Amino acid sequence: MGPVAGRILVVENDLMLNHMLRQMLEDLGFFVLTAASAEAARHAIDTVSLDVILADMALGTGSDGLSVAHAALEKNRQLRVVIASGHPAPADLTQGMAFLQKPFTVAELARMVQN
């Protein structure tokens with residue numbers, strides 16, 4: 001196994017998609033943590049050193065992926081944040097955030113999460 005590409009947190013409430021993203025990112029060389037809710041994501045952000053967050057915009061009830069991203073960037077401005085959605089890019093993306101339109105290919109995912 002080669003060097004780890006970094007630590008990435010996948011925030012996705014659809015468990016099947018969460019698992020699929022984990023597999024794709026592990027294949028790209030990342031150490032992957034997953035969270036199925038904004039609350040679980042915030043806990044991971046508070047307790048684990050991360051390089052990248054890939055967050056779905058819609059997380060069901062409660063907070064959305066964008067609010068998770070803002071909280072993460074408040075803690076670590078060097079963090080790479082990718083917001084994914086099947087809807088158009090939100091107008092309130094800030095510096096340090098990128099947008100990934102669903103559906104996407106593995107190549108598009110790789111381009112967004114790698115440096």
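Here the structure is a predicted model, which means the values were calculated and not measured.
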Requested in this report: Give me the one residue out of L17, T34, L33 that meets side-chain contact (heavy atoms from CB on, under 4.5 Å) with V10.
Outcome: T34
Report summary line: residues 56-68 vs salt bridge (Lys or Arg N to Asp or Glu O under 4.0 Å), sequence neighbours excluded, gives D56-K102
Report task. Identify the heavy atoms of L109 and M24 that sit nearest to each other, and give their distance. Result -> CD2-CE, 3.6 Å
Report task. Taking the side chain as every heavy atom from C-beta outward, state whether H70 and M97 have any pair of such atoms under 4.5 Å apart. Result -> yes
Requested in this report: First locate atom CZ of F30, then atom CG of L21, and finally report the distance between them rounded to the nearest 0.5 Å.
Outcome: 12.5 Å
Report task. State, with a plain yes or no, whether a side-chain heavy atom of P90 is found less than 4.5 Å away from one of F99. Result -> yes
**Report entry** Pairwise distance CG(L100) to CZ(R111) - rounded to 0.5 angstrom
**Finding:** 9.0 Å
Query raised in the report: Within a reach of under 6.0 Å around CD of Q23, are more than 12 heavy atoms found that belong to other residues, nucleotides or ligands?
Result: yes
Report task. Only counting residues at least two apart or in another chain, list the ones meeting side-chain hydrogen bond (donor to acceptor under 3.5 Å, both in side chains) with D46. Result -> K75
Query - Side-chain donor/acceptor of D51 to backbone N/O of R7, under 3.5 Å - result: yes
**Report entry** Heavy-atom pair of closest approach, residues A36 and L15
**Finding:** CB-CD2, 3.8 Å
Report task. Find out whether S37 and H43 are in side-chain contact, i.e. whether some heavy atom of one side chain is under 4.5 Å from a heavy atom of the other. Result -> no
Query raised in the report: What residues, two or more places apart in sequence or in another chain, satisfy salt bridge (charged side-chain N to carboxylate O under 4.0 Å, His left out) together with R22?
Result: E26
Report summary line: So CG of N76 and CG of L50: to nearest 0.5 Å the spacing works out to 8.0 Å
**Report entry** Gap separating the CG atom of L66 from the CG atom of L93, nearest 0.5 angstrom
**Finding:** 6.0 Å
**Report entry** Spatial distance of atom NE2 (H19) from atom CG (D14) [nearest 0.5 Å]
**Finding:** 12.0 Å
Requested in this report: Report yes or no: does R80 contribute a side-chain atom to a donor-acceptor pair with the main-chain N or O of M112 at less than 3.5 Å?
Outcome: yes
Query raised in the report: Checking side-chain contact (heavy atoms from CB on, under 4.5 Å) against I53, which of V82, I45, I8, I83 comes through?
Result: I45
Report summary line: CD (Q101) and NE2 (H87) are apart, to the nearest 0.5 Å, by 9.5 Å
